[in-house]
J.: 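One structure, pasted below without further comment.
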Amino acid sequence: MAKQKFIIDLKAVLELGEGQFIEFKESPDKSLPKEMVAFANASGGVIYLGITDYGQIKGIETSNRLKSQIQDTARNCDPPVAVLLKAL
């Protein structure tokens, strides 16, 4: 049931597209820290990995290495950024 709710929510997010609170990234590239800081300095937001700027789902392998990379990126921002990681 939770997976089905996530899929419905993701469809709604894709329809909304990128904006003030939503950012799509195919992978965690060098611009990820900039996006994290921008959301942290504003009202927050969500960065969806594995989705192109055009809203096409490419997917990304969720591994402990990837999770650690994202946490390290957030910790190394100035000031450090608190993140919540969720994976499907």
Side-chain angles (χ1 to χ4, degrees):
M1 182 67 177
K3 188 173 183 178
Q4 183 179 12
K5 181 180 181 335
F6 176 80
I7 291 169
I8 292 169
D9 291 346
L10 183 57
K11 286 180 183 179
V13 167
L14 293 173
E15 287 176 14
L16 285 173
E18 291 184 304
Q20 183 178 358
F21 302 105
I22 298 171
E23 177 68 25
F24 299 147
K25 302 198 83 38
E26 273 190 69
S27 61
D29 59 18
K30 64 183 180 181
S31 69
L32 183 60
K34 179 181 167 185
E35 300 295 341
M36 288 178 170
V37 170
F39 280 144
N41 286 332
S43 300
V46 180
I47 300 171
Y48 291 88
L49 296 177
I51 301 177
T52 69
D53 286 339
Y54 305 103
Q56 181 182 15
I57 299 173
K58 293 287 188 172
I60 190 167
E61 183 179 339
T62 305
S63 65
N64 286 336
R65 183 172 189 261
L66 175 65
K67 291 176 185 177
S68 292
Q69 178 185 358
I70 293 167
Q71 289 286 3
D72 289 344
T73 299
R75 256 186 247 110
N76 289 318
C77 289
D78 187 23
V81 175
V83 295
L84 173 64
L85 300 174
K86 291 186 179 184
L88 176 66

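We number each residue from 1, following the sequence as shown.
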J.: Can you measure from NZ (Lys58) to CD1 (Ile51) and round to the nearest 0.5 angstrom?
T.: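 Answer for the NZ-CD1 pair, Lys58 versus Ile51, is 12.0 Å.
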J.: Using 0.5 Å steps for rounding, measure from the CD atom of Gln71 to the CG atom of Leu66.
T.: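 The CD atom of Gln71 sits 10.5 Å away from the CG atom of Leu66.
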J.: Is Phe21 reachable from Val13 through a run of I, L, V, M, F, W or Y residues, each pair having side-chain heavy atoms under 4.5 Å apart?
T.: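 Each belongs to a different hydrophobic cluster.
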J.: Could you report the tightest heavy-atom contact between Ala74 and Val83, atom names first, then the distance?
T.: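 Answer, listing the atom of Ala74 first, then Val83: CB-CG1, 3.7 Å.
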J.: Would you give the length of the straight line joining atom NZ of Lys34 to atom CZ of Phe39, rounded to the nearest 0.5 angstrom?
T.: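 Result: 12.0 Å between the selected atoms.
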J.: Taking Ile57 as the starting point, is it possible to reach Tyr48 by hopping between hydrophobic residues whose side chains are less than 4.5 Å apart?
T.: yes
J.: Locate the shortest heavy-atom distance separating Ile60 from Glu26; write the atom from each residue and the value.
T.: CD1-O, 3.9 Å
J.: Drop me the distance from Leu32's CG to Leu49's CG, to the nearest 0.5 angstrom.
T.: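 With rounding to 0.5 Å, CG (Leu32) is 6.5 Å from CG (Leu49).
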J.: Taking side chain to side chain donor-acceptor pair (under 3.5 Å) as the test, write out the residues that go with Ser31, two or more places apart.
T.: Lys25, Asp29
J.: Considering non-hydrogen atoms only, spot the tightest contact between Glu35 and Ile47 and give its length.
T.: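 Shortest heavy-atom separation between Glu35 and Ile47 comes out as CB-CD1, 3.8 Å.
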J.: Could you work out, with side chain to side chain contact (heavy atoms under 4.5 Å, CB included) as the rule, every residue matching Val37, not counting sequence neighbours?
T.: Asn41, Cys77, Val81
J.: Apply side chain to side chain contact (heavy atoms under 4.5 Å, CB included) to Asp53 and list each qualifying residue two or more places apart in sequence or on a separate chain.
T.: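 Expected list: Glu18, Glu23.
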J.: Using 0.5 Å steps for rounding, measure from the CD atom of Glu15 to the CG atom of Leu10.
T.: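 It is 10.5 Å, given to the nearest 0.5 Å.
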J.: Enter the distance from Gln69:CD to Ser63:OG here, rounded to the nearest 0.5 Å.
T.: 8.5 Å
J.: Are Ile70 and Val46 grouped together when hydrophobic residues (ILVMFWY) are joined by side-chain heavy atoms under 4.5 angstrom apart?
T.: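 Looking at the clustering, Val46 is in a separate group from Ile70.
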